[in-house]
Trainee: 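One structure is given below, represented as structure tokens, and several questions about it will come after.
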Amino acid sequence: MDLRRNGCLILLLVLLGHVKGENVVFNVEHKFGGRGGTGLKELKAHDVRRHGRMLAASAADFQLGGNGSPTGAALYFTKISIGTPSKDYHVQVDTGSDLFWVNCAGCNKCPTKSKLGIEMKQYDLQASTSGKSIMCDQDVCTAMFEATSSECKVGKPCEYMVTYGDGSSTGGYFVKDKIYLDQVSGDYKTSSLQGDIAFGCSSKQFGELGTSTNAVDGIIGFGAANMSVISQLAATGTVKKMFAHCLDGANGGGIFAIGQVVEPKVNSTPLIPNRAHYTVYMKDIEVGGEVLNIPTSIFESKTSKGAIIDSGTTLVYLPSKAYNALMNKLMAKQPELKTHHLDGDFDCFMYHGNVDDGFPAVTFQFMGNLSLTAYPHDYLFQVRDNEWCIGWQEGTQGKDGSEIFLLGDLLLSNKLVQYDLEKKTIGWTQYDCSSNIKVKDETSGNVYTVGAHKISSASTRAFTFFLSLISLILCYLLN
């Protein structure tokens with residue numbers, strides 16, 4: 001085979017091969033993919049399920065897609081490769097949970113179809129030469145998953161069960177296999193990076209998880225617990241225990257990367273220690289520059305002091321006293337407006353003007369002189385022509401029964417959010433999430449540019465086929 005023909009073959013293999021991926025990036029797509037993609041009832045039900053779950057070094061690039069609009073949001077998902085030979089699975093990227101699990105072969109009531117335009121797959125331990133079962137008497141089961149049981153016997157699987165707020169659940173057993181990530185290796189370039197990860201193999205599902213038409217293959221948790229993907233990779237020195245996301249609420253897609261972000265710079269606030277979720281100290285709330293007159297005690301309940309930051313929740317949930325004070329302040333700006341209820345949970349109204357001109361910005365203040373601002377176009381969303389609904393929601397409870405602050409995509413979209421689990425801080429800044437960021441490769445010391453993504457499984461396959469066809473034509477002409 002001559003050099004030109006050999007070069008063409010290499011080019012074709014590169015184009016057809018799956019580029020996997022010390023900085024790591026993800027391709028991530030939003031579950032509904034845009035405004036108007038879901039009904040309000042389904043949106044609220046999604047958040048309810050999440051609350052039930054929540055209250056029950058290298059750099060890598062996870063390519064991001066979708067948007068955080070209340071009328072189109074529920075979760076972001078990415079395509080990730082597992083096993084030998086590797087296979088692709090679409091899983092939710094979730095900063096509000098720890099466990100990584102996928103549907104497994106033979107699963108009872110696991111979904112097999114999805115309206116998201118993805119091919120549903122089930123992980124088969126027997127089909128992966130690098131996959132291993134985790135037994136209940138192994139140290140990894142007790143140390144990482146705290147899954148010891150009085151019924152544990154030698155050779156019995158390390159089992160798990162997760163129950164959600166709406167009564168749906170998933171259960172199965174833990175396995176260990178290779179996971180493949182996109183390591184940042186240059187400006188807008190990635191190379192393959194692999195690590196061994198223990199994760200849940202779902203063998204049964206009940207309720208909404210098994211019947212949802214907007215199904216994915218599982219969930220990849222980015223919480224701080226030992227079982228999370230980021231913690232497991234950091235424990236082996238594969239990555240640094242820090243990551244960032246920038247959710248593009250205007251255009252869809254955005255950025256999700258593991259590693260140290262050096263540009264843009266962000267101001268940070270300390271994470272409250274010994275919390276199951278990313279929780280920060282909140283000081284007050286401002287509406288149009290005026291501090292709300294609410295008792296400081298609502299920021300300091302028995303065990304729920306502070307506010308939970310969770311990109312997997314769509315809306316923002318406030319204790320009743322804060323919610324009522326906020327709504328009264330907002331509606332005082334438009335005293336002639338008459339509100340009505342939509343789907344039982346949303347206050348809506350008819351409005352013909354520019355909402356950014358007619359309503360004030362809402363700013364949450366945190367320790368360290370850090371603030372988080374939602375503009376009218378962030379917290380108001382249009383459901384029909386001239387009909388707008390308000391994204392603020394009243395009340396959700398912590399484990400002690402007290403109301404908590406839960407801040408979701410309504411606030412987090414269009415911000416670069418950096419989680420530094422080594423320094424135990426979180427920070428953010430307003431940012432154009434359709435642009436790019438710079439991350440540092442700790443091994444070489446180099447700084448690389450990571451761009452925004454908005455993946456589509458169908459368009460990706462078509463584009464790959466197009467490039468492959470072009471390469472074959474060029475090869476034929478050259479030869």
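Computed from a predicted model, the values in this text were never measured in an experiment. All residue numbers refer to positions in the sequence shown, counting from 1. Any value given below was found using the heavy atoms of this structure, including those in side chains, with hydrogens, waters and symmetry copies removed.
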Trainee: Start with the C-alpha gap between D177 and S130, add the side-chain angles, then the distance that decides, and say whether side-chain hydrogen bond (donor to acceptor under 3.5 Å, both in side chains) holds.
Mentor: CA-CA 6 Å; D177 208 340; S130 54; 2.5 Å; yes
Trainee: Say you draw a straight line from NZ of K176 to CD of Q138; how long is it, rounded to the nearest 0.5 Å?
Mentor: 9.0 Å
Trainee: For a quick test of reading the model, state the closest non-hydrogen atom pair linking S133 to M135 and the distance between them.
Mentor: CB-CE, 3.3 Å
Trainee: Identify the heavy atoms of A198 and I134 that sit nearest to each other, and give their distance.
Mentor: CB-CD1, 3.7 Å
Trainee: With rounding to the nearest 0.5 angstrom, report the CG to CD1 distance, L406 to I308.
Mentor: 5.5 Å
Trainee: Side chains of N386 and R384, heavy atoms from C-beta outward: is any pair under 4.5 Å?
Mentor: no
Trainee: Return the minimal non-hydrogen interatomic distance between D137 and C152, and the atom names on each side.
Mentor: N-SG, 3.5 Å
Trainee: Taking the six-membered ring for Trp and the full ring for Phe, Tyr or His, determine whether the centres of F364 and F405 are under 6.0 Å apart.
Mentor: no
Trainee: Check whether any side-chain heavy atom of I426 sits under 4.5 Å from a side-chain heavy atom of D420, and report yes or no.
Mentor: no
Trainee: Give the minimum heavy-atom separation between L342 and E387, together with the two atoms involved.
Mentor: CD2-OE2, 4.2 Å
Trainee: Tell me, do D310 and D94 make a side-chain contact under 4.5 Å, heavy atoms counted?
Mentor: yes
Trainee: Given Y123 and F199, is the ring-ring contact (aromatic ring centres under 6.0 Å, His included) satisfied, shown in steps?
Mentor: CA-CA 11 Å; Y123 172 81; F199 58 94; 5.3 Å; yes
Trainee: What's the verdict on disulfide (SG to SG under 2.5 Å) for C136 and C158, showing C-alpha distance, side-chain angles and the deciding distance?
Mentor: CA-CA 4 Å; C136 65; C158 179; over 6 Å; no
Trainee: What distance separates I220 CD1 from I230 CD1, expressed to the nearest 0.5 Å?
Mentor: 9.5 Å
Trainee: Looking only at heavy atoms, what is the nearest atom pair of P111 and M120, with distance?
Mentor: O-CE, 3.6 Å
Trainee: Do Y180 and L193 touch side chain to side chain, with heavy atoms closer than 4.5 Å?
Mentor: no
Trainee: In Å, rounded to the nearest 0.5 Å, how long is the span from CG of L380 to CH2 of W392?
Mentor: 9.0 Å
Trainee: Establish, yes or no, whether a centroid distance under 6.0 Å links the rings of Y160 and F174.
Mentor: yes
Trainee: CH2 of W101 to OG of S203: how many Å apart, nearest 0.5 Å?
Mentor: 11.0 Å
Trainee: Nearest 0.5 Å, please: how far is CD1 in I197 from CD1 in I179?
Mentor: 5.5 Å
Trainee: Using the side-chain hydrogen bond (donor to acceptor under 3.5 Å, both in side chains) rule, take T449 and N436 through it: C-alpha gap first, then chi angles, then the decisive distance, then the call.
Mentor: CA-CA 7 Å; T449 301; N436 56 65; 5.1 Å; no
Trainee: Would D217 and K121 pass as an ion pair if we require N to O under 4.0 Å?
Mentor: no
Trainee: Within a reach of under 6.0 Å around CG of D385, are more than 12 heavy atoms found that belong to other residues, nucleotides or ligands?
Mentor: no
Trainee: Of F256, Y419, F100, which meets ring pair (Phe, Tyr, Trp, His ring centres under 6.0 Å) against F222?
Mentor: F256
Trainee: Please report the C-alpha distance between S311 and T95 in whole Å, then the side-chain angles of each, then the deciding distance to 0.1 Å, and finally whether the side-chain hydrogen bond (donor to acceptor under 3.5 Å, both in side chains) criterion is met.
Mentor: CA-CA 6 Å; S311 66; T95 64; 2.8 Å; yes
Trainee: Considering all heavy atoms of both residues, which atom of K241 and which atom of S231 are nearest to each other, and what is their separation?
Mentor: CE-OG, 3.2 Å
Trainee: Are side-chain N/O atoms of Q205 and N103 paired as donor and acceptor at under 3.5 Å?
Mentor: yes
Trainee: How about C110 and C107 - are their SG atoms less than 2.5 Å from one another?
Mentor: yes
Trainee: Take a 6.0 Å sphere around NZ of K438 and say whether it holds more than 12 heavy atoms from other residues, nucleotides or ligands.
Mentor: yes
Trainee: Of N446, V262, V184, which is the lone residue that meets side-chain contact (heavy atoms from CB on, under 4.5 Å) with K440?
Mentor: V262
Trainee: Please tell me if the side chains of L318 and V316 come closer than 4.5 Å, counting only heavy atoms from C-beta onward.
Mentor: yes
